[in-house]
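Comments concern the structure below.
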Amino acid sequence: MAEVLLEAKAVAKHFGGVKALRDVSLTIRKGEIYGLIGPNGAGKTTFFNCMTGLYVPDGGGFTFAGAPLLADAPHRAAERGIARTFQNIRLFANMTALENVMVGRHVRTRAGVFGAMLLNAATREEEAAIRRRAVELLHYVDIAGRADDLAKNLSYGDQRRLEIARALATEPGLLCLDEPAAGMNATETAELRRLIDGIRRDGKTVLLIEHDVKLVMGLCDRVAVLDYGALLVEDAPAVVQKDQRVIEAYLGA
């Protein structure tokens, strides 16, 4: 069995009297594609937000790569090796595709304020390396031909791919995708599936929130189902699909 990369232990989050997460515990193994599904309002994005530093849990916590994950801000999660995309695309609309990816890469650079001001040889070399890696990632997600186009001028599907490229630029150990297939047609979804599968083959672990249950069941190694903030089941897709609690959560008791 593969080693555990991320473990959530009794994670709880409350908003006033609303219990968005109720002591959720789950494990994500290194090298797998792990699906997190559930009806609207089940707590999926809240879980993402607690894990990646946008929210601070009210109870429980996370362990990542064998050490406690104390991410009280998104950049701290990125520094530890957790990258994410968002349910609503959050690109820098008036920057080019290449520039968007380069921004993501800066989390792994060393040049400080003085280096940027003085533009010494080390800083110039590092900036050139950032650009080269950004170009490589645009090729990887198959939008290199749009490198110089403003992000806002890309098609919806290409914007989704650009967001993934920017997340990959941080060199994450865990890539978290929040509904990447939302709004895509069948062709775009099939291409996305191939991309995510390729990311896993290249050594990344993927956590996927997605409403397209067919995509999740055909792509993920294991699936967890949330409902009203609580974990119903965590198992292989074939087992989850037949679980009566899952059927009732989606279709009604």
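In this chain, numbering begins with 1 at the start of the sequence shown.
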Pair Tyr55 and Phe48, ring centroids less than 6.0 Å apart: no

4.5 Å side-chain heavy-atom contact, Val240 and Met217: yes

Heavy-atom side-chain proximity of Pro74 to Thr52 below 4.5 angstrom: no

Any side-chain heavy-atom pair of Glu191 and Met184 under 4.5 Å: no

Residue pair Arg84 / Leu177, side-chain heavy-atom distance below 4.5 Å: no

Flag side-chain contact, heavy atom, 4.5 Å: Pro237 against Val216: no

Main-chain N/O of Phe62 paired to Glu7 side chain as donor or acceptor, under 3.5 Å: no

Minimum side-chain heavy-atom gap Val225-Leu231 below 4.5 Å: no

Short N-O contact, Asp197 and Arg193, less than 4.0 angstrom: no

Side-chain touch Lys9/Asp23, heavy atoms, less than 4.5 angstrom: no

Without placing hydrogens or testing angles, list every side-chain donor-acceptor pair under 3.5 Å for residues 30-47, not counting sequence neighbours.
from  : atom 1 : to     : atom 2 : distance (Å)
Glu32 : OE1    : Arg222 : NE     : 3.1
Glu32 : OE2    : Arg29  : N      : 2.7
Glu32 : OE2    : Arg222 : NH2    : 2.7
Tyr34 : OH     : Glu234 : OE2    : 2.6
Asn40 : OD1    : His211 : NE2    : 3.0
Lys44 : NZ     : Gly38  : O      : 3.0
Lys44 : NZ     : Pro39  : O      : 3.2
Thr45 : OG1    : Gln87  : OE1    : 3.4
Thr45 : OG1    : Asp178 : OD2    : 3.2

Partner set under salt bridge (charged side-chain N to carboxylate O under 4.0 Å, His left out) for Arg22, not counting sequence neighbours: none

For Arg161, the option from Leu192, Leu154, Leu137, Val141 that meets side-chain contact (heavy atoms from CB on, under 4.5 Å): Val141

Salt-bridge present (Glu136, Arg105; N to O < 4.0 Å): no

CD1-CD1 distance between Ile164 and Ile199, expressed to the nearest 0.5 angstrom: 5.5 Å

side-chain contact (heavy atoms from CB on, under 4.5 Å) against Ala144, all qualifying residues, sequence neighbours excluded: Leu138, His139

Ion pair Lys214/Asp212, N-O distance below 4.0 Å: no

Expected output: side-chain Thr63 to main-chain Gly66 donor-acceptor under 3.5 Å: no

Any side-chain heavy-atom pair of Leu226 and Leu232 under 4.5 Å: no

Salt bridge present between Arg160 and Glu188 (N-O < 4.0 angstrom): no

Face-on cation placement of Lys19 at Tyr228 ring, 6.0 Å and 45° thresholds: no

Greater than 12 external heavy atoms within 6.0 Å of Asp58's CG: yes

